[in-house]
Amino acid sequence: QVQLVESGGGLVQPGGSLRLSCVASGSIFSIYAMGWFRQAPGKEREFVSGISRSGGSTDYADSVKGRFTISRDNAKNTVYLQMNSLKPEDTAVYYCAAKAGVVVPTTPDRYMHWGQGTQVTVSS
């Protein structure tokens, strides 16, 4: 069983940047595909980005392509989400999620393990 803890959220002005981190413990990190999701008030949880076990394959929602970058450091059991050119519509609670295996799912029901989330607020 893997445990996930996110950090790095906060309040940022439009156009600013944040870097989210998600540290895993309790299992072999490199067997998991990792995903970032977000959920705004009154909305469903949505896929933001995903990365394969080795980091060689990544995927992004259209709304964040060119602005967000996902990466992972298997030696540090950590996955990152670098968020640039932030917009007010990026405001949400951001969650990292893990799924053992090769495929990087884009729907939340495919992930078995979740962190507690970190709040990102983009506002002037």
Side-chain angles (χ1 to χ4, degrees):
Q1 185 88 358
V2 62
Q3 291 81 47
L4 304 173
V5 178
E6 304 97 332
S7 62
L11 173 63
V12 63
Q13 293 186 341
S17 298
L18 282 174
R19 188 195 197 199
L20 305 184
S21 299
C22 172
V23 179
S25 62
S27 186
I28 302 173
F29 181 63
S30 60
I31 71 171
Y32 293 96
M34 300 296 296
W36 284 99
F37 288 77
R38 66 187 181 187
Q39 189 166 18
K43 295 188 176 181
E44 293 186 352
R45 193 167 296 190
E46 65 174 0
F47 175 78
V48 175
S49 184
I51 190 166
S52 62
R53 297 182 300 184
S54 67
S57 178
T58 59
D59 195 10
Y60 297 92
D62 288 343
S63 59
V64 306
K65 279 181 182 176
R67 301 188 297 123
F68 291 11
T69 303
I70 191 170
S71 61
R72 68 189 292 163
D73 185 338
N74 285 348
K76 295 183 178 180
N77 290 355
T78 304
V79 62
Y80 305 97
L81 186 68
Q82 178 66 44
M83 305 187 295
N84 298 330
S85 302
L86 283 161
K87 305 175 181 180
E89 50 263 43
D90 295 317
T91 296
V93 177
Y94 283 70
Y95 300 89
C96 72
K99 178 193 179 296
V102 174
V103 176
V104 183
T106 60
T107 56
D109 60 300
R110 298 284 303 279
Y111 286 85
M112 295 294 293
H113 310 285
W114 292 86
Q116 83 289 347
T118 185
Q119 176 71 47
V120 172
T121 302
V122 184
S123 175
S124 55

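Residue numbers start at 1 and run along the sequence shown.
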inquiry  = Taking Leu4 as the starting point, is it possible to reach Val48 by hopping between hydrophobic residues whose side chains are less than 4.5 Å apart?
reply    = yes
remark   = Heavy-atom nearest pair, Ser30 first then Asn74, reads CB-ND2, 3.7 Å
message = Keeping Arg72 on the side-chain end and Gly55 on the backbone end, is there a donor-acceptor pair under 3.5 Å?
response = no
query = Would you say Phe47 and Val64 are hydrophobically clustered, going by side-chain heavy atoms of ILVMFWY under 4.5 Å?
reply = no
From Tyr95 atom OH to Leu20 atom CG, the distance as rounded to the nearest 0.5 Å = 13.0 Å
ask   = What are the two closest heavy atoms between Glu6 and Tyr94, and how far apart are they?
value = OE2-O, 4.0 Å
ask   = Atom CZ in Arg45, atom CG in Asp109: separation rounded to 0.5 Å?
value = 11.5 Å
query = Linking I/L/V/M/F/W/Y whenever any side-chain heavy atoms sit under 4.5 Å apart, do Ile28 and Ile51 land together?
reply = yes
remark   = Correct closest heavy-atom pair for Asp90 and Arg67 would be OD2-NH1, 2.8 Å
task = Would you confirm whether Gln3, through its side chain, and Gln1, through its main-chain N or O, come within 3.5 Å as a donor-acceptor pair?
result = yes
Contact summary for Ala24 and Val2, nearest pair of heavy atoms = CB-CG2, 3.8 Å
message = So, taking the atom named CZ in Phe29 and the one named OG1 in Thr78, what distance separates them when rounded to the nearest 0.5 Å?
response = 6.5 Å
task = In plain terms, say whether Lys65 and Asp62 are close enough for a salt bridge, that is, a side-chain N and a carboxylate O under 4.0 Å apart.
result = yes
query = Do the side chain of Ser49 and the main chain of Asp59 share a donor and acceptor less than 3.5 angstrom apart?
reply = yes
query = What's the spacing between Thr91 OG1 and Gln119 CD if we round to 0.5 Å?
reply = 7.5 Å
query = Within the distance-only criterion (no hydrogens, no angle test), does the side chain of Tyr80 pair as donor or acceptor with the backbone N or O of Arg19 below 3.5 angstrom?
reply = no
remark   = Heavy atoms of Arg53 and Ile31 approach each other most closely as CD-O, 3.1 Å
ask   = For Glu89, does the CD atom have more than 12 heavy-atom neighbours from other residues, nucleotides or ligands under 6.0 Å away?
value = yes
Criterion side-chain contact (heavy atoms from CB on, under 4.5 Å) on Tyr111 and Phe37, from CA distance to verdict = CA-CA 11 Å; Tyr111 286 85; Phe37 288 77; 3.5 Å; yes
ask   = Where is the tightest heavy-atom contact between Ala92 and Ala40, given as atom of each residue plus distance?
value = CB-N, 3.8 Å
task = Without swapping roles, check the side chain of Ser52 against the backbone of Ser57 for a donor-acceptor pair under 3.5 Å.
result = yes
inquiry  = With a 4.5 Å cut-off on side-chain heavy-atom distances among I, L, V, M, F, W and Y, is there a chain of contacts connecting Ile70 to Met83?
reply    = yes
ask   = Ignoring hydrogens and geometry, is there a side-chain-to-backbone donor-acceptor pair from Thr118 to Ser7 under 3.5 Å?
value = no
inquiry  = With a 4.5 Å cut-off on side-chain heavy-atom distances among I, L, V, M, F, W and Y, is there a chain of contacts connecting Tyr60 to Met34?
reply    = yes
